[in-house]
Visitor: 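Handing you a structure now.
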Amino acid sequence: QVQLVESGGGLVQAGGSLKLSCTASGRSDVMGWSRQASGKEREFVAAITFFDGITAYRTSVEGRFTISRDNARNTVYLQMDSLKPDDTAVYYCIAGPSLAKIGRLDSATSWGQGTQVTVSS
């Protein structure tokens, strides 16, 4: 299993920004982010392929969140702008072999321990 360590969560007012970072212990073809709000199921947020930089986003975050990666450091970032209270959740770094598997949170996906993002109104 790939070890994933997230950082960058915090408390921000609606309309504000945060940038999350995740570093993996080894290389993965795809890295990204999922989130889980209190009492809700985990949901896919965004992902990026390390070879060619193809990205995928959850519809509700498109235009507000931007995912990027640093191949040399096995690190992925999530720049979150125009944050809304509905974005409040624990954000988990994820890694796996393909966008398809990451998108459906497949059992092959590795998970970090999460970082809390709280957006106040």
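Being a predicted model, the structure only gives us computed values, none of them experimental. Along the sequence shown, residues carry numbers from 1.
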Visitor: Answer yes or no: is there a side-chain heavy-atom contact under 4.5 Å between Cys22 and Trp33?
Guide: yes
Visitor: Does Ser34 reach the main-chain N or O of Phe44 with its side chain, forming a donor-acceptor pair under 3.5 Å?
Guide: no
Visitor: Between Trp111 and Arg42, is there a cation-pi geometry (under 6.0 Å to ring centre, at most 45° from the normal)?
Guide: yes
Visitor: Distance from Ile102 atom CD1 to Thr109 atom OG1, nearest 0.5 Å?
Guide: 3.5 Å
Visitor: Keeping Arg64 on the side-chain end and Ser60 on the backbone end, is there a donor-acceptor pair under 3.5 Å?
Guide: yes
Visitor: Using side-chain contact (heavy atoms from CB on, under 4.5 Å) as the criterion, point out the one residue from Ile67, Leu4, Asp70, Val30 that pairs with Val76.
Guide: Ile67
Visitor: Please check if Leu105 and Val61 belong to a single hydrophobic cluster, counting links between Ile, Leu, Val, Met, Phe, Trp and Tyr side chain heavy atoms closer than 4.5 Å.
Guide: no
Visitor: Give me the ring orientation class for Phe65 and Tyr91: parallel if the planes are under 30° apart, tilted from 30 to 60°, perpendicular past 60°.
Guide: tilted
Visitor: Using 0.5 Å steps for rounding, measure from the OG atom of Ser68 to the CE atom of Met31.
Guide: 11.0 Å
Visitor: Locate the shortest heavy-atom distance separating Gly112 from Tyr92; write the atom from each residue and the value.
Guide: O-CD2, 3.3 Å
Visitor: Does Ile48 form a side chain to side chain contact (heavy atoms under 4.5 Å, CB included) with Ile54? I'd like the steps, not just the answer.
Guide: CA-CA 5 Å; Ile48 187 168; Ile54 297 174; over 6 Å; no
Visitor: Distance from Arg69 atom CZ to Ser28 atom OG, nearest 0.5 Å?
Guide: 13.5 Å
Visitor: How far does OG1 of Thr49 sit from CG of Asp29, to the nearest 0.5 angstrom?
Guide: 8.5 Å
Visitor: What distance separates Leu78 CG from Thr66 OG1, expressed to the nearest 0.5 Å?
Guide: 8.0 Å
Visitor: Please round to the nearest 0.5 Å and tell me the distance separating atom OG of Ser121 and atom CD of Gln13.
Guide: 9.0 Å
Visitor: Does the pair Val117 and Met80 meet the rule for a side chain to side chain contact (heavy atoms under 4.5 Å, CB included), with working shown?
Guide: CA-CA 10 Å; Val117 172; Met80 304 184 292; 3.9 Å; yes
Visitor: Does the pair Asp106/Arg104 count as a salt bridge with the N-to-O cut at 4.0 Å?
Guide: yes
Visitor: Examine distances only and state if a side-chain atom of Arg35 and a backbone atom of Val90 form a donor-acceptor pair shorter than 3.5 Å.
Guide: no
Visitor: Would one find more than 12 heavy atoms of other residues, nucleotides or ligands at under 6.0 Å from atom CD of Gln3?
Guide: no
Visitor: Please report the closest heavy-atom contact between Glu6 and Cys93, naming both atoms and the distance.
Guide: OE2-N, 2.7 Å
Visitor: Does atom CD of Gln113 have more than 12 heavy-atom neighbours from other groups under 6.0 Å away?
Guide: no
Visitor: Between Asp87 and Ser82, what is the shortest heavy-atom contact and its length?
Guide: OD2-O, 4.5 Å
Visitor: Show the nearest heavy-atom pair for residues Lys84 and Val119, with the distance to one decimal.
Guide: O-CB, 3.3 Å
Visitor: Evaluate Thr55 against Tyr57 for side chain to side chain contact (heavy atoms under 4.5 Å, CB included), listing each step before the verdict.
Guide: CA-CA 7 Å; Thr55 59; Tyr57 294 93; 3.6 Å; yes
Visitor: Looking at Asp81 and Ser17, what are the two nearest heavy atoms and their distance?
Guide: OD1-OG, 2.7 Å
Visitor: When you look at Gln36 and Glu43, which way does the side chain to side chain contact (heavy atoms under 4.5 Å, CB included) test go after all the steps?
Guide: CA-CA 6 Å; Gln36 185 174 25; Glu43 61 185 23; over 6 Å; no
Visitor: Hey, quick one: are Val12 and Leu20 part of the same hydrophobic cluster, counting side-chain heavy atoms closer than 4.5 Å, chains of contacts allowed?
Guide: yes
Visitor: If we count only N and O atoms by modelled type, under 3.5 Å, do the side chains of Thr23 and Thr75 hold a donor and an acceptor together?
Guide: yes
